[in-house]
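Step one of this worksheet: look at the structure below.
Worth knowing before you read on, the calculation uses all heavy atoms, side chains too, and leaves out hydrogens, waters and symmetry mates.
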Amino acid sequence: MFEQFLGKLRKYEIRMRKAVTSERYGNFHSVFKGSGLEFDDLRLYQYGDDVRAIDWNTSAKGHGTFVKIFKEDKEQTAFFMLDVSASQQVGEIKKLKIDVGKEICGVLTLSAIQEASRVGLLCFSDRNERYIRPSDGMKHGYGLISELYKLVPESTQTNIADAILIALNVLRRRSLIFLISDFIDNNYQHNLKALARKHDLIVIHLYDSREVNLPGLGIIPLYDAEKKSTVWVNTSSKQYRQEMASRFGKRSSELQRLCHQNRADYISINTQEDYVPALIHLFKVRRYTKSAAPSNG
């Protein structure tokens, strides 16, 4: 079964790589650019230089205006944070949010490892379910994917804020972080801002179509896996369906606005649909919107 899972990931990775490198979009390496720069040297400012690269501390000494020179960091890190709490156990068979989240992590791991990036993983609920220290090499990448495939979470609860604190503590250098969750949680916004300031953050918001458009099935029991309780709801009620869609829309728009304000990339993925086009679009957009110079934060 793992071989089938890995084969599916390879097929999707090849499809994504071909699309991103086609036409005028350039090398696939640009996908992981942004966290792969480190300070190298200083030189005098020249007309046309990006003012954001000015080293104000050195320039203030009065010997001229100096800009920082950066070189590519060969040991750039792609770090995956995957929510594996019980709310991810929603969807159709083999199309649960947790299944799609695992696949996205696996596909991107294959891509990153081929670009000589170090890859690491944190699977979380309201605790650290699985942490894999960032490293490089195809063997490490396959080992990470294997751990993803066989992971069975111990807790049903969610705590995104605590998971972010773990990432902030273990990642000392600026990294490219993929945070993958349905974001059905509260009080994580402050920590997400801190994560976006320190790292190059991509937020992938997973949702099931029934969270947006619940079918009218009459009065049915809905089981909340995180609270371990069942409530009976009238899905034929237009008001109930509208309230459910409204809650999702508000949560989604607030998360999107938070990402935009903190220069993090945001994409939402319906787990009932093909997610590869959404990833392709993300990386094509990143090529043109991400500056080669890191921010001063």
Side-chain angles (χ1 to χ4, degrees), residues 30-39 50-53 68 70 72-73 75-85 88 101 104-105 108-109 111-112 117-126 128 131 134 158-207 250-269 275 278-279 281-297:
S30 63
V31 168
F32 297 98
K33 187 170 66 176
S35 59
L37 296 174
E38 63 177 3
F39 174 73
D50 189 338
V51 294
R52 292 176 297 179
K68 297 177 182 178
F70 295 89
E72 187 175 12
D73 179 5
E75 291 191 340
Q76 58 188 308
T77 297
F79 192 75
F80 301 97
M81 299 178 61
L82 177 63
D83 181 352
V84 295
S85 62
Q88 296 286 88
I104 290 173
C105 280
L108 295 175
T109 293
S111 297
S117 294
R118 303 165 78 238
V119 294
L121 172 71
L122 172 65
C123 295
F124 66 91
S125 52
D126 62 343
N128 176 355
Y131 169 65
T158 311
N159 194 321
I160 297 174
D162 279 1
I164 291 174
L165 286 179
I166 293 173
L168 287 170
N169 285 328
V170 300
L171 296 173
R172 299 299 181 186
R173 303 172 66 181
R174 182 172 170 85
S175 304
L176 174 60
I177 296 181
F178 295 86
L179 176 54
I180 305 167
S181 173
D182 57 12
F183 292 92
I184 302 177
D185 195 17
N186 299 306
N187 304 318
Y188 63 83
Q189 290 81 359
H190 177 75
N191 288 7
L192 190 142
K193 289 179 183 178
L195 190 68
R197 282 197 300 269
K198 184 175 179 183
H199 299 283
D200 184 4
L201 177 62
I202 297 175
V203 167
I204 300 180
H205 183 188
L206 301 180
Y207 70 95
K250 182 179 179 182
R251 185 168 67 246
S252 179
S253 61
E254 287 179 351
L255 177 59
Q256 192 168 0
R257 182 169 61 251
L258 181 66
C259 290
H260 178 72
Q261 290 172 346
N262 292 277
R263 299 185 68 186
D265 287 308
Y266 169 91
I267 58 170
S268 60
I269 291 180
Y275 57 81
L279 296 179
H281 176 72
L282 167 72
F283 292 142
K284 286 181 177 179
V285 169
R286 275 178 64 84
R287 177 170 175 80
Y288 291 104
T289 60
K290 288 292 180 182
S291 169
S295 66
N296 293 329

Verify side-chain contact (heavy atoms from CB on, under 4.5 Å) between Ile269 and Ile204, making sure each step is shown before the conclusion. CA-CA 7 Å; Ile269 291 180; Ile204 300 180; 3.8 Å; yes
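Put simply, the side chain of Asp185 gets close to the backbone of Ile160: a donor and an acceptor are under 3.5 Å apart. Remark: the backbone N or O of Ser181 is not paired with any side-chain donor or acceptor of Asp83 at under 3.5 angstrom. Without hydrogens or angle criteria, Asn262 side chain to Ala264 main chain gives no donor-acceptor distance under 3.5 Å. Proximity of a side-chain donor or acceptor of Lys198 to a complementary backbone N or O of Leu171 within less than 3.5 Å is detected.
In this structure, the separation between CG on Asn191 and CD1 on Ile166 is 11.0 Å, given to the nearest 0.5 Å. Annotation: the span from Leu201 atom CG to Arg263 atom CZ amounts to 12.5 Å, rounded to 0.5 Å.
Each of Tyr266, Tyr188, Tyr207 was checked for a ring pair (Phe, Tyr, Trp, His ring centres under 6.0 Å) with Phe183, and the lone residue meeting it is Tyr188.
Taking each heavy atom of Ala167 and Leu195 in turn, the nearest pair found is CB-CD1, 4.3 Å. When all heavy atoms are compared, the tightest approach of Phe124 to Asn159 is CD1-O, 4.2 Å. The two residues Ala78 and Ala112 come nearest to each other via the heavy atoms CB-CB, 4.1 Å.
Counting only heavy atoms from C-beta outward, the side chains of Val119 and Phe79 never approach each other to under 4.5 Å. Using a 4.5 Å heavy-atom cutoff, the side chains of Ile177 and Met81 are in contact. Counting heavy atoms from C-beta on, the side chains of Leu192 and Leu179 come closer than 4.5 Å. For the pair Leu168/His199, a side-chain contact is recorded, criterion being any heavy-atom separation below 4.5 Å from C-beta on. Taking the side chain as every heavy atom from C-beta outward, Asn128 and Leu122 approach each other to under 4.5 Å. Residues Ile267 and Leu279 meet the side-chain proximity criterion, which asks for heavy atoms closer than 4.5 Å.
Around the CG atom of Asn187, the shell of radius 6.0 Å holds no more than 12 heavy atoms that belong to other residues, nucleotides or ligands.
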